[in-house]
Each structure stands twice: as C-alpha cells, then as structure tokens.
Amino acid sequence: MKKILITGGAGFIGSHVVRQFVNKYPNYEIYNLDALTYAGNLENISDIESASNYTFIKGDIVDADFINELFEKHQFEGVLHLAAESHVDRSITDPLSFVKTNVIGTMNLLNAAKETWKDNFEGKRFYHISTDEVYGSLGATGLFTETTSYDPNSPYSASKASSDHFVRAYGETYGLPYVITNCSNNYGPNHFPEKLIPLFINNIINNKPLPVYGDGKYTRDWLFVVDHAIAIDLVFHDGKNHETYNIGGFNEWQNIDLVKLLCHQMNSKLGRAEGESEKLITYVKDRPGHDLRYAIDASKINKELGWKPSVTFEQGLEKTIDWFLSNEEWLKNVTSGEYANYYEKQYK
C-alpha cells in the first residue's frame with residue numbers, strides 16, 4: 001500500500017486530483033494536507049471524505065517543524081505538491097505571501113522528503129505542479145515547450161519559477177526523484193470565483209459587470225481541470241524521473257472572445273435574450289506586467305504517455321456552467337465566506 005501526500009487538496013485543482021487518486025487507487029493511502037485559506041474548501045471533496053483510504057490533515061507547508069513531523073510519522077512514499085498562492089492580482093498587492101508559500105513551503109517539503117527518503121530513493125517520487133506563466137509572455141506565434149527559457153513577469157510567476165528551480169536543484173544535488181509539470185489555465189467545477197471564468201459566471205448570474213482588462217485581446221490556453229487531474233495521474237505513475245511535462249488544453253482563446261462565448265452560453269442556460277449578458281462587459285484598466293499570450297505545446301505528454309484533452313473548450317465550458325448553475329449553494333457559500341465554517345462543522 002502506497003502512502004501519498006497531496007498538498008493543497010482542498011483547492012480547485014487539488015480537490016480533483018485527490019478525488020482521482022482516492023477513487024482510482026483504493027489500495028493507496030491518500031493524505032490531503034491543506035491550510036484551508038480562502039481558496040481551500042473541504043466542500044470541494046465532501047463526496048470522498050468518508051472513504052477508507054482518505055485522511056485530511058489541516059496544516060501549513062510554511063511550518064517546517066510540522067512538515068518534518070508529518071513525514072516522520074507517516075513515511076510518505078510519494079508527494080503531489082499543488083499547494084500554492086496562485087492569483088496574479090493578489091501577488092501584485094502582497095508578493096511576500098507568495099514567496100513564503102510557493103518558495104519556502106516547497107523548500108520545506110523538499111527537505112522533509114530528502115531526509116525521509118535519504119536511505120532509499122527507490123519507488124519514491126516528488127511531483128511538483130507548476131504553471132506556464134514561468135515562461136513569460138509569447139508573441140503572436142510560437143508555443144511554450146519544456147525547454148523554453150524561464151522569463152517570469154509577475155511576483156506569482158517568479159515565485160513558481162523559483163520553486164521549480166529548487167526542485168530541479170534537489171534532483172541534481174541530492175538525487176531526489178522528481179517530476180515537474182507546467183500547465184495552462186485551468187477551468188471547471190469547484191473553481192474559486194476570483195479567476196476569470198467562475199467570476200464571470202457568478203457576475204452574469206447576478207447581473208454584475210464583467211471587468212475585462214485592457215482591450216481584451218490577451219490570449220490564454222485553457223485546460224479542463226478533470227483532464228488535468230487525469231494527466232497528473234499519468235505523469236505520477238508513468239513519467240520519467242527528472243523530466244518536465246507541459247500540460248495544455250490545445251484551446252487558445254482571446255479573453256474577449258472567451259467572455260462572449262461564455263455570455264452566449266449563459267444566455268441560453270438562463271433563458272435570456274441573445275446579447276443580454278454581453279451588455280455587462282466593461283473594459284477596465286490593465287493590470288501591471290500583464291503577459292500578452294500563453295500557449296503550451298503538449299506534444300511530449302501526448303507522445304510519451306498518450307494523454308490528450310477529452311473535451312473541446314466549448315464542451316468543457318458548458319460542463320462548467322452546468323455545474324455552477326446546479327451548485328448555487330456552493331457558490332453562495334464561497335462568495336459569502338460561509339465555506340470556512342465547513343471545517344469547524346466537520347472536524348471540530
């Protein structure tokens with residue numbers, strides 16, 4: 001039986017990864033470590049919280065003593081590290097928090113894994129989940145590959161780039177077995193409504209403005225979160241040590257075109273006249289250091305591991321909208337802060 005630590009497992013992407021592993025691998029012991037900050041919500045994984053192979057642990061990766069004790073107690077054989085501060089806007093106003101969680105927190109996990117596994121790296125794996133934003137900004141053409149030079153432009157992407165470098169350094173210096181993946185923008189169920197798609201779904205429901213940065217022509221590659229969890233599963237089990245894999249959705253969209261598609265689908269779902277939700281679009285002042293375009297070349301993971309997205313963006317967006325419209329109580333809880341009470345009710 002394998003003991004697997006998943007950090008950030010109450011967050012958006014992490015909750016889907018936890019669900020993937022708990023349901024698919026009943027002989028694994030899955031430990032979910034989350035600090036339950038504003039974006040960590042145990043309601044995201046309430047469907048599997050009673051599973052016999054699942055344990056939730058409340059704690060912060062910034063606390064080195066706590067992390068060391070956790071590794072010593074449980075002797076984890078694998079780590080999937082997703083815990084991170086991830087919102088660019090927040091990193092602009094509070095960059096130090098991103099350094100603490102994304103850099104120091106990762107270092108604490110690396111040190112604990114190195115110390116625990118020092119006598120035998122066989123069968124062990126440290127999996128670090130990162131972002132395409134570490135590569136910087138693309139022009140109108142080209143794609144990010146696994147060998148693209150790092151060129152981060154925001155405090156968020158700089159902190160993730162730093163953590164990537166430390167993971168590789170521990171591999172080279174100490175022989176720590178690791179894999180890294182850099183993903184494009186995720187979307188899907190359980191997404192905290194500060195990112196573009198869930199924020200705009202919530203605003204359309206409530207007839208609030210849809211704030212579009214600049215001219216709206218910033219381009220992103222969008223990855224359905226369930227497909228990402230499946231890719232993470234594949235890389236963890238079948239990826240090669242000391243390798244990097246880019247995970248993208250093959251779905252490039254300019255922000256304004258995405259918003260118009262979202263409005264179109266929401267009008268249909270809500271029974272509104274065509275063009276009604278589009279009236280909510282409001283252009284706002286651009287944010288500092290805004291990267292023009294991200295786009296990932298995911299051919300390596302496709303060729304080596306056979307992974308590819310299961311849905312088009314239009315299909316994934318419809319699935320996402322349907323989930324939010326069917327889970328308005330969840331949306332109400334996270335926007336009001338009531339989700340924070342869930343931990344107290346369930347684990348006091």
Side-chain angles (χ1 to χ4, degrees), residues 2-9 13-14 17 21 28 31 33 61-62 64 67-68 70-72 74-84 86 98-136 144-152 156-183 228 231-248 296-301 303-305 307:
K2 288 190 175 181
K3 289 189 173 185
I4 308 296
L5 175 67
I6 300 177
T7 70
I13 301 173
V17 174
F21 275 70
Y28 287 9
Y31 294 82
L33 172 64
I61 60 173
V62 174
I67 294 298
N68 291 336
L70 200 62
F71 271 75
E72 184 177 353
H74 295 289
Q75 297 292 307
F76 304 115
E77 296 162 273
V79 176
L80 289 94
H81 177 34
L82 295 102
S86 65
F98 284 68
V99 173
K100 290 177 180 176
T101 299
N102 298 352
V103 183
I104 303 301
T106 301
M107 287 291 294
N108 289 338
L109 290 165
L110 287 168
N111 284 329
K114 176 175 70 71
E115 182 63 23
T116 303
W117 303 340
K118 62 183 179 182
D119 295 326
N120 182 16
F121 283 146
E122 186 68 27
K124 310 300 193 302
R125 171 155 283 179
F126 190 102
Y127 183 170
H128 181 61
I129 287 83
S130 189
T131 172
D132 60 357
E133 296 193 36
V134 298
Y135 298 125
F144 293 135
T145 71
E146 287 82 0
T147 59
T148 299
S149 298
Y150 277 29
D151 188 23
Y156 162 60
S157 57
S159 68
K160 290 299 289 184
S162 177
S163 63
D164 291 6
H165 290 322
F166 274 112
V167 173
R168 291 192 179 97
Y170 270 57
E172 292 298 318
T173 304
Y174 307 109
L176 189 80
Y178 76 84
V179 285
I180 295 174
T181 52
N182 298 84
C183 69
H228 189 193
I232 287 173
D233 181 359
L234 280 170
V235 172
F236 181 77
H237 287 96
D238 300 327
K240 298 177 183 177
N241 274 333
H242 294 194
E243 288 286 331
T244 297
Y245 297 87
N246 281 347
I247 308 174
I296 272 184
D297 179 353
S299 59
K300 179 178 177 179
I301 190 174
K303 292 175 181 176
E304 292 191 13
L305 304 179
W307 177 89

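The residues of the chain are indexed from 1 along the displayed sequence.
Atom CG in L176 sits 11.0 Å away from atom CZ in R125 (nearest 0.5 Å). The NZ atom of K300 sits 9.0 Å away from atom OG1 of T147, with the distance rounded to the nearest 0.5 Å. One finds the CG atom of L234 at 10.5 Å from the OH atom of Y245 (value rounded to the nearest 0.5 Å). In this structure, the separation between CD1 on I67 and CG on N108 is 6.5 Å, given to the nearest 0.5 Å. For the atom pair OH (Y31) and OG1 (T7), the distance works out to 16.0 Å, reported to the nearest 0.5 Å. Atom NZ of residue K124 and atom CG of residue N241 lie 12.0 Å apart, to the nearest 0.5 angstrom.
When all heavy atoms of T106 and S163 are compared, the pair lying nearest together is OG1-CB, 3.7 Å. Scanning all heavy atoms of the two residues, the minimum distance from S130 to I180 falls at CB-CG2, 4.4 Å. Listed here is the closest heavy atom pair of N102 and S159: ND2-OG, 2.9 Å. In terms of heavy atoms, P152 sits closest to S157 at CB-OG, 3.4 Å. Closest non-hydrogen pair, I61 versus T101, comes out as CD1-O, 3.6 Å. When all heavy atoms of T116 and Q75 are compared, the closest pair comes out as CG2-OE1, 3.6 Å.
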Check: Does the pair Y135 and T145 meet the rule for a side chain to side chain contact (heavy atoms under 4.5 Å, CB included), with working shown?
Finding: CA-CA 9 Å; Y135 298 125; T145 71; over 6 Å; no
Margin query: Let's go through T181 and Y127 carefully: what are the C-alpha distance in whole Å and the side-chain angles of both, what is the deciding distance for side chain to side chain donor-acceptor pair (under 3.5 Å) to 0.1 Å, and is it a yes or a no?
Written below: CA-CA 8 Å; T181 52; Y127 183 170; 3.0 Å; yes
Next item on the list: Carefully, step by step, assess L33 and F76 under the rule side chain to side chain contact (heavy atoms under 4.5 Å, CB included).
Entry: CA-CA 12 Å; L33 172 64; F76 304 115; over 6 Å; no
Next item on the list: Go through the steps to decide whether I13 and I129 satisfy the test side chain to side chain contact (heavy atoms under 4.5 Å, CB included), and finish with yes or no.
Entry: CA-CA 10 Å; I13 301 173; I129 287 83; 5.6 Å; no
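Counting heavy atoms from C-beta outward, T131 and Y156 have side chains that approach closer than 4.5 Å. Residues V17 and L80 meet the side-chain proximity criterion, which asks for heavy atoms closer than 4.5 Å. Between V235 and W307 the shortest side-chain heavy-atom distance does not fall below 4.5 Å. Proximity of H128 to F126: side-chain heavy atoms (C-beta onward) are separated by under 4.5 Å at one or more points. The side-chain heavy atoms of D297 and N246, taken from C-beta on, include no pair separated by under 4.5 Å.
Around CD of E122, the count of heavy atoms belonging to other residues, nucleotides or ligands within 6.0 Å does not exceed 12. Atom NZ of K3 has more than 12 neighbouring heavy atoms from other residues, nucleotides or ligands inside a 6.0 Å radius.
Every residue was checked against the ring-ring contact (aromatic ring centres under 6.0 Å, His included) condition with H228, not counting sequence neighbours, and none meets it. Shown here are the salt bridge (Lys or Arg N to Asp or Glu O under 4.0 Å) partners of E304, two or more places apart in sequence or in another chain: there are none.
Proximity of the aromatic rings of F21 and H237 is defined here by a centroid distance below 6.0 angstrom, and this criterion is met.
Among pairs with a residue in residues 162-182, those fulfilling ring-ring contact (aromatic ring centres under 6.0 Å, His included) read Y150-H165, Y170-Y174, Y178-H242, at least two apart in sequence or across chains.
Results of the side-chain contact (heavy atoms from CB on, under 4.5 Å) test with N182 over T244, T148, I247 single out T244 as the only residue that passes.
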